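Okay, so here's the structure we're looking at.
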Amino acid sequence: MSIAANTIAVVGAAETTQLGVIPDVSALGLHLDAALNALADAGLKPGDIDGIACAGEHPWNVSTMLGITPKWVDGTNVGGCSFMLHVRHAAAAIAAGYCTTVLITHGESGRSQVAPPQYAPAPASLFGQFELPYGVSVPATMFTIPVLRYLKETGAEVEDLARVAVVQREWAAKNPRAYAKDPITVDDVMNSKMIAYPYRKLMCCLVTDGGGALILTSAERAKDFPTKPVYVMGTGEAVECVSISMMEDFTSSKAFRVSGKSAFESAGIQHADVDHLMVYDAFAHLPLYGLEDLGFCERGEAKDFFRERRTAPGGELPMNTNGGGLSYMHSGMYGMYALQESVRQMRGTAAAQVEGAKISVCHGVGNMFSASGTVIFTNEA
């Protein structure tokens, strides 16, 4: 079914009480902490929730611990962009009358590894048969495959990846909650430890603990909540491939293009209407792909956004204003933190607030270009 723009709103949004290194809270505990903070933000009790969505944890673990008996449940897990899909699915469920108030939770003990969910690659899977035996085993070794082709074909340089990290750190310096705030230069990035060529350590995401939660309901009900409503303007989702070697084109994400196109079409906006942009930045190349595949520039032009500081503080397209996965937070599935920053920008409460921002695009990736989700928010009904 088609969901009319601005008919669903975010009325609760919060991250965990602590972010960064949390050695005394389990992954499930982080889900619950974020959920309780979001409920407080919205002025709700657990019993007011009739829909629940989460990834990483089973929905029944979260609902049981909160004392919720939901009549709508979504356990979609497509990696770090799962929460963008949850927003889309929740909006559809509310519009269809399946539920009225949806809680989306996230929590990960990515750094401290306190009772994390266990994942193991299946030896019989495509990844287990055709990539893992050849050393393609962790994100840094998976993402090198497309980024090397991207650099070769677009004329971008490794230093352009370093510039992405530098700009993200500039945004993080404005954010008291950011994990890494000390200024860095291109030379600092290029001289940091080599992880897997071309990635240096400062081009790779943080490894931290934390989580977040969102609460959605109908725009009609949103006026009854204490928070400023943030409306869901448009959404998109897509899945392209099982593993990185199966991408249709190493220099462009088909999932990004499909998801982004759906979101812009459903929102009924043009790129010039966008005031604020979040692009999942687990590694420094992802904002380059995001700018191009979402249509903010042509192929090979994204590097110029960073060379010309167009996404930096004071630039024409503020992007990843919380500091991103490179400097703010990255517990493993970053999408929730990107959504939280878009909501803060639309509420006017962000640490590095974009003055007068009315439309924010929030775009995520899942499992090394396997999946994508896009949500467009606005603060105007």
Side-chain angles (χ1 to χ4, degrees), residues 136 139-171 184-205 238 240-241 243-261 264 270-272 274 277-320 324-327 361 363-365 368-370 372 374:
V136 182
T141 58
M142 295 175 189
F143 267 142
T144 52
I145 296 172
V147 78
L148 288 171
R149 175 60 59 180
Y150 177 89
L151 294 175
K152 179 178 178 62
E153 293 194 7
T154 65
E157 301 171 347
V158 177
E159 286 78 6
D160 290 310
L161 302 179
R163 291 185 184 97
V164 174
V166 170
V167 169
Q168 300 307 99
R169 185 62 63 87
E170 290 180 30
W171 284 114
I184 55 174
T185 65
V186 170
D187 285 343
D188 290 332
V189 179
M190 295 300 294
N191 290 325
S192 62
K193 181 181 178 181
M194 176 64 74
I195 302 300
Y197 187 82
Y199 297 126
R200 300 279 178 169
K201 182 177 180 179
L202 292 177
M203 298 175 188
C204 304
C205 64
E240 176 180 356
C241 55
S243 55
I244 198 77
S245 62
M246 297 173 66
M247 288 181 71
E248 181 180 79
D249 178 353
F250 284 151
T251 69
S252 173
S253 167
K254 186 176 184 180
F256 277 24
R257 299 195 307 271
V258 171
S259 178
K261 185 173 185 288
F264 272 84
Q270 304 299 316
H271 292 84
V274 176
L277 176 63
M278 296 297 294
V279 174
Y280 196 126
D281 62 327
F283 290 81
H285 68 296
L286 286 168
L288 300 173
Y289 280 74
L291 287 168
E292 294 177 10
D293 290 337
L294 289 174
F296 286 95
C297 61
E298 296 299 322
R299 183 173 179 274
E301 293 180 355
K303 61 183 182 295
D304 299 319
F305 273 70
F306 291 91
R307 293 178 182 180
E308 299 165 10
R309 297 184 53 78
R310 293 161 70 182
T311 68
E316 66 192 65
L317 183 60
M319 180 169 70
N320 295 344
L326 296 177
S327 290
V361 174
H363 180 75
V365 65
M368 279 49 76
F369 289 130
S370 291
S372 183
T374 313

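In what follows, every heavy atom counts, from backbone to side chain, and hydrogens, waters and symmetry copies are set aside. If you're wondering where the values come from, they're calculated on a predicted model, not measured in any experiment.
Side-chain rings of His285 and Phe143 approach one another, their centers coming within less than 6.0 Å.
Within the structure, every pair that satisfies the salt bridge (charged side-chain N to carboxylate O under 4.0 Å, His left out) test and touches residues 246-258, not counting sequence neighbours, is listed here: Glu248-Lys254, Glu248-Arg257. A salt bridge (charged side-chain N to carboxylate O under 4.0 Å, His left out) check over residues 186-200, counting only residues at least two apart or in different chains, returns nothing. Sorted by first and then second residue, the salt bridge (charged side-chain N to carboxylate O under 4.0 Å, His left out) pairs involving residues 287-300 (not counting sequence neighbours) are Glu153-Arg299.
The side-chain heavy atoms of Phe306 and Leu161, taken from C-beta on, include no pair separated by under 4.5 Å. Side-chain contact between Pro318 and Trp171: present, with at least one pair of heavy atoms (C-beta onward) separated by less than 4.5 Å. Looking at Val189 and Val166, their side chains come closer than 4.5 Å, going by heavy atoms from C-beta outward.
Met247 contributes atom CE, which lies 5.5 Å from atom OG of Ser253 (distance to the nearest 0.5 angstrom). One finds the CG atom of Leu326 at 4.0 Å from the CG atom of Asp281 (value rounded to the nearest 0.5 Å). Between the CZ atom of Arg309 and the CD atom of Glu316 there is a distance of 12.5 Å, given to the nearest 0.5 Å. With rounding to the nearest 0.5 angstrom, the OG1 atom of Thr311 is 12.0 Å from the CZ atom of Arg163. Rounding to the nearest 0.5 Å gives a distance of 9.5 Å between OG1 of Thr185 and CG of Leu202. Atom OH of Tyr289 sits about 9.5 Å away from atom CZ of Phe256, to the nearest 0.5 Å.
Ring orientation note: the planes of Tyr199 and Phe283 are tilted relative to one another, at an angle of 30° to 60°.
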request  = Test Thr251 against Arg149 for side chain to side chain donor-acceptor pair (under 3.5 Å), laying out the working first.
outcome  = CA-CA 6 Å; Thr251 69; Arg149 175 60 59 180; over 6 Å; no
